[in-house]
Each structure stands twice: as structure tokens, then as C-alpha cells.
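What follows is a single structure, written as C-alpha cells, with notes after it.
The basis for the numbers below is simple: all heavy atoms, side chains too, and nothing from hydrogens, waters or symmetry mates. Keep in mind it's a predicted model, so treat the numbers as computed, not measured.
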Amino acid sequence: QVQLVESGGGLVQPGGSLRLSCAASGLTFSTYGMSWYRQAPNKERELVATISSFGGNTKYADSVRGRFTISRENGKKTVYLQMKSLKPEDTAVYLCNAVRGFEIYWGQGTQVTVSS
């Protein structure tokens, strides 16, 4: 069974940093494009960043470009989101997503709270 498990969330002050991890199992990880989404209460789920199967191409939402970095280690079946210069508006549940053709999988999310 395919599983995506996020970790690394928590409480951080504005301007701080966090590194999120998403560990995958039950799939051929290197054949999937990976993404991070986020969802705040009463808000639409928002695409934050994507990375291609072998890491050659990345894309970012305008709101996080220059502050967040998505990366992957296919040998560890893990995708990361390094978040820097965090702002209160970054507060959300961050979810990991895997896509290959018509296959789509989601993790359950990890909470990131940016507050003083």
C-alpha cells in the first residue's frame, strides 16, 4: 500500500526556519513527480512547490519563491521542503503529494504554525 508520511512541522517564530520531510513507501519513488501543498483553516488547498522525478525541474508559488526550497533524495524515497524567513501567513497544514500519470497519492499532513 502506498504511504506518504510527513514530518518536521511545529511552532516557529516569524523569520525562523523549518525543514519538512515526506517519506514514501509502496511506490517506485523515482518515477513520481512530488509536490508540497498547504491548507489553512477555511482556505483552499494551495500548491506550494513541485519537483520532477529526478529533481531537474522545480516550481514554486509566488508567495514562497525565494524563501522555500523543494528537493528530493530518491535513494531515501524522501522529498523535503526547506522553509526560511517564515511568515505568519505560512501557517497551515502542509501535505505531501505524489503523481505519476493517472496515479495521485496524498499524505495526511504536518502542522506548521508561525507565531510570536
Full working for side-chain contact (heavy atoms from CB on, under 4.5 Å) between S17 and Q82 = CA-CA 8 Å; S17 299; Q82 179 66 57; 4.1 Å; yes

Go through S63 and E89 one step at a time and tell me if the side-chain contact (heavy atoms from CB on, under 4.5 Å) criterion holds.
-> CA-CA 10 Å; S63 59; E89 51 262 46; over 6 Å; no

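Here OG of S35 is found 9.5 Å from CD1 of I51. Values are rounded to the nearest 0.5 Å. Rounded to the nearest 0.5 angstrom, Y37 OH and L81 CG are separated by 13.5 Å. Of the inter-residue distances, the one linking M34 atom CE with T78 atom OG1 reads 9.0 Å to the nearest 0.5 angstrom. In this structure, CZ on R100 lies 6.0 Å from OG1 on T28, to the nearest 0.5 angstrom. S25 contributes atom OG, which lies 7.5 Å from atom NZ of K77 (distance to the nearest 0.5 angstrom). Put simply, CE on M83 and OH on Y94 are 5.5 Å apart, with the number rounded to the nearest 0.5 Å.
Nearest heavy atoms, S116 versus P14: OG-CD, 3.5 Å. Contact between L4 and A24 at its shortest, heavy atoms only, is CD2-CB, 3.5 Å. When all heavy atoms are compared, the tightest approach of A98 to L27 is CB-CD2, 4.4 Å. G107 and L95 get closest at one heavy-atom pair: O-CD2, 3.6 Å. Across all non-hydrogen atoms, the minimal contact from R72 to G33 is NH1-CA, 4.1 Å.
A side-chain donor-acceptor contact under 3.5 Å links E73 and Y80. Side chain to side chain, Y32 and E103 meet the donor-acceptor criterion of an N or O pair below 3.5 Å. Looking only at atom types and distance, the side chain of R67 has no donor-acceptor partner in the side chain of S85 under 3.5 Å away.
Using a 4.5 Å cut-off between side-chain heavy atoms of Ile, Leu, Val, Met, Phe, Trp and Tyr, with links allowed through other members, V48 and L86 fall into the same hydrophobic cluster. Hydrophobic cluster membership differs between V5 and L20, with clusters built from Ile, Leu, Val, Met, Phe, Trp and Tyr side chains linked at under 4.5 angstrom. Under a hydrophobic-cluster definition in which Ile, Leu, Val, Met, Phe, Trp and Tyr are linked whenever side-chain heavy atoms come within less than 4.5 Å, directly or via other members, I104 and V93 are assigned to the same cluster.
By the neighbour-count criterion of 12 heavy atoms within 6.0 Å, atom CD of Q111 is densely surrounded, having more than that number from other residues, nucleotides or ligands. Shown here is E44, whose CD atom has no more than 12 heavy atoms of other residues, nucleotides or ligands within 6.0 Å.
Of the possible donor and acceptor atoms, none in the side chain of R38 sits under 3.5 Å from a partner among the backbone N and O of V112. E6 contributes a side-chain N or O that, together with a main-chain N or O of C96, makes up a donor-acceptor pair within less than 3.5 Å. Side-chain atoms of T91 come within 3.5 Å of backbone N or O of V114 as a donor-acceptor pair.
Under the 4.5 Å side-chain criterion, counting only non-hydrogen atoms from C-beta, P88 is not in contact with S115. Side chains of F29 and K76 form no contact here, defined as non-hydrogen atoms less than 4.5 Å apart. Between W36 and I70, some side-chain heavy-atom pair lies under the 4.5 Å cut-off.
Residues D62 and R65 are paired through a salt bridge, judged by an N-O separation under 4.0 Å between the basic side chain and the carboxylate.
Sorted pairs that involve residues 49-58 and meet side-chain hydrogen bond (donor to acceptor under 3.5 Å, both in side chains), not counting sequence neighbours, are lacking altogether.
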